[in-house]
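Remarks on the structure that follows.
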Protein chains: 2
Amino acid sequence: MQLKELSERTATTPASIKYYLREGLLPPGETVHATRARYSQRHVKRLELIHALRHIVHLNIEQIRTIIEMADDGAPRLAVLATVQRVVLGLEPNVREGAERTYLGDAVVRLRGWPDRDSDARNALDVQISLMEGLGISMPLELLDAYSQALDTIAGLDLSLTTATDDVDDIILTAAVGMHMHSQLVLRLLALAQASHAIRRLEIAP
Amino acid sequence: MQLKELSERTATTPASIKYYLREGLLPPGETVHATRARYSQRHVKRLELIHALRHIVHLNIEQIRTIIEMADDGAPRLAVLATVQRVVLGLEPNVREGAERTYLGDAVVRLRGWPDRDSDARNALDVQISLMEGLGISMPLELLDAYSQALDTIAGLDLSLTTATDDVDDIILTAAVGMHMHSQLVLRLLALAQASHAIRRLEIAP
DNA sequence: CGCCTAAGATAGAGCTACTATCCAATGGCT
DNA sequence: AGCCATTGGATAGTAGCTCTATCTTAGGCG
């Protein structure tokens, strides 16, 4: 198909498609000759991926490029998933060079029997724990225990969805949307829990 | 103190202070006469609040204005906290008119013994659950149970910080930063849980 | 008396994500 | 054969956000 048809099929304006081409998010079509290019089903799927990442998961172009370049470079699935996670869960601003491991971080990993190794996720957790300790926000271990237990279950479930296909774009789409949705769910539950506490505590003695 | 001193004490440029004044985030100083105004300790604290909300919690000016206007209008503490929550936990895009209650939402509220009433938080949760069901992302009740149990504990802890003072700006600062930090913590734990699962599942058979 | 600072208005800057315009080349329909 | 639609490529413009800078007028303080 030509650009115009691609545009119609994906409800994306030709101008935007050209923009994504320029930005390297969408691979160029097969050049038939100087003024004609052919696009395939792959381009349709890629555009759908871009659309979901932009408007559902709310990533910016740079973040989408990071993920898509890995996929196009044929990186191993684990590496792609790690990148998706880093970007979707906003780990980036929290990953620091030479951040120290925390007691609580170690304890949680041991309690859950998670593999004890360095990773962006582990690093980001330690940084967050240190940050909160610095601000005097307390987190007893029992709480992290309860938490991580629940999250462990969700994580297993979430991931199982991504192993059903071999197409990298599909894996990314499923993983990114799944991670985003779960993280939102947790935030909504936290909000409701907090609201409930606030009502109980403040409504009686305003 | 005059504008310049306020600027120096809060490490904010006079231009930015003027901007916040224009935007109504910072109350005008006490006008001595046409070309002189006096600012107080209150302005210092307000600027610190604005700074934290902008650069730690990452709210935009509009969101900060929403919160600050409530506080300045002398709204009840519960209402202020609800607004802080709505903004900080990103409930806004998820709150819908006439969204239906979900079975799972009801079940969670009953399990936790939370007050069963309409609220933005409850609404946002129901919308999120429906959204995920629509996408075919499964969430067994046992999972929500475990989750909400952990979150319930955190929420109680978090809120207790905010009842230590009577100054509205302080309450907002503590609540906003606390909520933000806890939500980040949960996201980091989810990330680590997911990473651990991914390692176990994909590293053996890449 | 002149300098500093104030308020107030307006304009500009830098970023992001598009959106629009212009171009020459050219395939395919008529 | 000829013309219209479409292409890639280049470039420029727009819109929203958060500042940042400049300019003006005015007045107190040393």
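We use all heavy atoms of the structure for the numbers below, so side chains are in, but hydrogens, waters and symmetry mates are not. Per chain, numbering begins at 1; letters A, B, ... match sequence-line order.
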task = May I have the distance from A:Leu6 (atom CG) to D:dG8 (atom C1'), rounded to whole angstrom?
result = 15 Å

task = Would you kindly give the NZ-to-P distance between B:Lys18 and D:dC23, to the nearest whole Å?
result = 13 Å

key: Nearest non-hydrogen partners of B:His182 and A:Met132, listed with the distance   = ND1-CE, 3.5 Å

ask   = Among the nucleotides D:dG8, D:dG28, C:dG8, which one has an atom lying closest to any side-chain atom of B:His33?
value = D:dG28

message = Let's see if you can work this out: which of C:dA25, D:dA21, D:dA5 has an atom nearest to the side-chain heavy atoms of A:Arg36?
response = D:dA5

key: salt_bridge(A:Arg122, A:Asp116) N-O dist < 4.0 Å   = yes

ask   = Within this structure, what is the CG-to-C1' distance between A:Leu21 and C:dT19, rounded to whole angstrom?
value = 15 Å

request  = Decide, yes or no, whether a salt bridge links B:Asp120 with A:Arg188 under the criterion of side-chain N to carboxylate O below 4.0 Å.
outcome  = no

task = Could you work out which one of D:dT7, C:dT19, D:dG27 sits closest to the side chain of A:Lys4?
result = D:dT7

inquiry  = Please report the distance, rounded to the nearest Å, between CG in A:Leu3 and P in D:dG9.
reply    = 12 Å

inquiry  = Please report the distance, rounded to the nearest Å, between CZ in A:Arg38 and C1' in D:dT6.
reply    = 14 Å

query = B:Leu25 CG to D:dT18 C1': how many Å, rounded?
reply = 11 Å

query = With a 3.5 Å cut-off and no angle check, do the side chains of A:Ser40 and A:His43 form a donor-acceptor pair?
reply = yes

request  = Indicate yes or no for a side-chain donor-acceptor contact from A:Thr83 to the backbone of A:Ala79 under 3.5 Å, with no hydrogens or angles considered.
outcome  = yes

inquiry  = Please report the distance, rounded to the nearest Å, between CD in A:Glu23 and P in D:dA10.
reply    = 14 Å

inquiry  = Does B:Ala37 reach a base, just sugar-phosphate, or nothing at all? Heavy atoms under 4.0 Å.
reply    = sugar-phosphate

request  = Please report the closest heavy-atom contact between B:Leu190 and A:Gln85, naming both atoms and the distance.
outcome  = O-NE2, 4.5 Å

note = B:Leu26 CG to C:dA6 P, in whole Å, measures 13 Å

key: Set of residues satisfying side-chain hydrogen bond (donor to acceptor under 3.5 Å, both in side chains) with respect to B:Lys45, sequence neighbours excluded   = B:Asp170

task = Could you check which of C:dA20, C:dT5, C:dA7 has an atom nearest any side-chain atom of B:Gln2?
result = C:dT5

What's touching nucleotides 15-18 of chain C from the protein side, N or O pairs under 3.5 Å?
residue	atom	partner	partner atom	Å
C:dA17	OP1	A:Ile61	N	3.4
C:dC18	OP2	A:Arg54	NE	2.7

